[in-house]
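Take a look at the structure set out below.
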Amino acid sequence: MGPWLLLLSSVAGGLAAATGKAKGNCKCAPTDACWPSDGLWNSLNATTKGHLIKTEPEAISCYPGPKQDAERCEVVDASWTLQSFQSSSPVGLSYPINETCPPINVTAGETPGTCTLGTNPWYAVSASSTSDVATAIKFAKNHNVRLVIKDTGHDILGRSTGYGSLEIWVRSLRTGLTFQPKYKSSCKTSAWTGAAITVGGGYTFNDVYKVAKANNVVVVGGGTPSVGALGGWMQGGGHGPASRQFGLGADQVLEAEVVTADGKVITASPCSNSDVYWAIRGGGPGTYGVVTKTVIKAYPMVNVQVQHVAIAPLSDNTSALLDAIAILWEAYPDLNDAGYAGYGTWSISQPTPLFATFTAGYVHGFYTFDKTVSYAKSTFEPTLQKLLPYNGTSLFISVDYVSYPDYWSFYNTESGVEPPVGTGSALSSRLFSRSAVQDDTAGLRSMLDVIAGTPEQYTSNNFELVSGGANFEKPDDYSALLPAWRISYFNNIVARGWAPDATQAEKDAVQRDISFTKVGAMEKQAPDTGVYMNEGDRLDPNYKQDYYGEHYDRLASIKEKVDPNGVFYCPTCVGSDEWKEDSTGRLCRV
Ligand SMILES: Cc1cc2nc3c(=O)[nH]c(=O)nc-3n(C[C@H](O)[C@H](O)[C@H](O)COP(=O)(O)OP(=O)(O)OC[C@H]3O[C@@H](n4cnc5c(N)ncnc54)[C@H](O)[C@@H]3O)c2cc1C
Ligand SMILES: *[C@@H]1O[C@H](CO)[C@@H](O)[C@H](O)[C@H]1NC(C)=O
Ligand SMILES: *[C@@H]1O[C@H](CO)[C@@H](O)[C@H](O)[C@H]1NC(C)=O
Ligand SMILES: *[C@@H]1O[C@H](CO)[C@@H](O)[C@H](O)[C@H]1NC(C)=O
Ligand SMILES: *[C@@H]1O[C@H](CO)[C@@H](O)[C@H](O)[C@H]1NC(C)=O
Ligand SMILES: *[C@@H]1O[C@H](CO)[C@@H](O)[C@H](O)[C@H]1NC(C)=O
């Protein structure tokens, strides 16, 4: 950079500071004089037709005070770990980053401590139209209030929550779910002539799958149907049982309606606002605008062949189990190239059985589409031959096959499980390419030793063979998806829990073990890939490279163009490095 350019940029920097890109350096927190008055909040409520909610902790009924209510408290406690319960609350989260008002089990003799909103939003607009969304955005911008976008609250990294914020809750924004047998685009450059489904708001895949099933088509959606169809799942990537065959969620979006940082409703497609279209397709959620509608691709029905593999060690020695897992991991790229995809989990010690009575073992459910069981068997044969010497000597190995006439009968039986909400655990992940599992098999085996943890650590590994296939074809021109997805066949999530009564120091030690020791071992083995941002780690110091790869700079320039004032913020999202929370939790410019 020449000296005059340096001068220019420092002058521009000075100007920005003088005019104050946002008012002052921090967003207004509830304890600040600049926090909007009750009268202003009331007027926001009026403009949004009464859709403003003063948030309160969901378990407030368990604590002494005017809201205490034993009956309600019991219901809250019994429902706490259900995804549907958390999703139906404006402050409900699948992975609370810091639970500051836990439910109390009075029967078990628990007594209430303190109950605060903690890092949750202070107000939420339960939007029912793009006009509610635009009004909330303008309010947050004009009054310099932190803004948070939430759909289901499934986020693992805390991107749909934030201290002292106004939340735009898109869950009740539901303007229709419609099927088109032949996609009609206003945009001439769109090559898609197949079927499509319009997702008009905060629908979950539960809702979308019903429409797909009724019309005898397949859509790419989450393995868990309670995930939101146009929120973080899609904008961060989005894998599911059909994503190997048809591409990840971000690649399904034909066009989108987006409410921008200045409150305008735009269409993002290959021929209008194509930079926003590019960015929301994989460039991260909560950053470029509020997505209020998408049109996604739908595919002709497929039949499905499923393979179940279950492996357990015959003694306490889990070394052969890890040998078998190394054989399988090494085989995934070839199996995937032949059409296999699916999900699985393994552990050398789990608190609850993995299958039958085994608390150590490996299970997977893999499948092929539109093939035959004999094709699936013959494809697996070379791998089976490597595993069989262990069967009956050190391991129990079971392999079976089942087929389904259509995708939805497969999905309902083999997928679609709702796990309980995550309480007290740390997790992170890494993507694996062919070279990561085939170039250094000794290294792979040592890595498995590290990520298996010690028996006392109760570590669990969940792998997702969800890429390859369509994802490895040349992407269209509008994909901000992490490029590592185009060479990585699968993702592995490593997770550890802690005891309910763990001290902060114990929790921190578990988090460090996951973030650095276990993820470090995976990174060493897969140095050229990255991390699926939706299943990553809020504390990842390399999130820019890991989550966005070579797309980061272009995403950052789009962010600067469409949201110069930083109306939208979420941790690890593009542009978030310009902000940090101060000791009181207020969001301040760096
Ligand atoms: C039980 C469970 C199952 C899961 N299963 C899968 C799976 O099968 N496949 C997979 O890929 N991932 C899965 N995930 C991870 C999932 O992709 C992320 O949690 C994702 O962030 C959820 O998006 P959401 O919109 O539903 O959640 P939210 O927590 O509501 O939002 C997540 C992010 O999206 C932003 N956002 C939400 N709505 C909008 C909007 N309309 N416009 C702009 N930004 C928005 C939020 O600000 C936040 O940054 C699962 C997570 C859980 C908890
Ligand atoms: C907004 O208005 C509705 C309907 O009048 C009311 O029920 C609700 O309590 C109001 N919200 C706030 C935060 O005052
Ligand atoms: C509360 O405690 C009682 C008694 O220990 C137990 O039976 C019940 O299952 C607990 N409820 C929940 C929701 O955990
Ligand atoms: C959780 O929140 C409480 C109350 O706001 C705070 O005192 C505590 O430090 C927080 N813990 C963490 C790990 O952030
Ligand atoms: C477990 O088995 C492996 C070989 O299968 C052996 O090398 C190792 O020493 C055994 N470990 C223990 C603790 O016995
Ligand atoms: C492993 O051995 C058991 C017991 O002999 C047998 O029932 C099972 O079919 C074998 N597994 C495979 C994959 O052949």
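As the structure lists them, so they are numbered: ligands from 1, and atoms in each ligand from 1.
Residue pairs satisfying the disulfide (SG to SG under 2.5 Å) criterion with at least one member in residues 84-168, sequence neighbours excluded, are listed as follows: C101-C115.
Between H51 and ligand 2, not a single N/O pair is under 3.5 Å apart. Of the N or O atoms in L52, one or more lie within a sub-3.5 Å distance of an N or O in ligand 2.
Near K54, meaning under 4.0 Å from one of its heavy atoms, ligand 2 places the atoms 13 (C).
Between W122 and W41, the ring center distance fails the sub-6.0 Å criterion.
Judged by the 6.0 Å distance and 45° axis criteria, K27 is positioned over the aromatic ring of W579.
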Query - Steps toward ring pair (Phe, Tyr, Trp, His ring centres under 6.0 Å) verdict (F490, Y332) - result: CA-CA 8 Å; F490 71 100; Y332 292 166; 5.0 Å; yes

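Under the 30°/60° scheme for interplanar angles, the aromatic rings of Y362 and H364 are found to stand perpendicular.
Protein residues are said to neighbour a ligand when one of their heavy atoms lies under 4.0 Å from it; for ligand 3 these are D77, A78, N105, A108.
At most 12 non-hydrogen atoms from other residues, nucleotides or ligands lie less than 6.0 angstrom from CD of E74.
Between R434 and D334 a salt bridge is recorded (basic side-chain N to carboxylate O distance below 4.0 Å).
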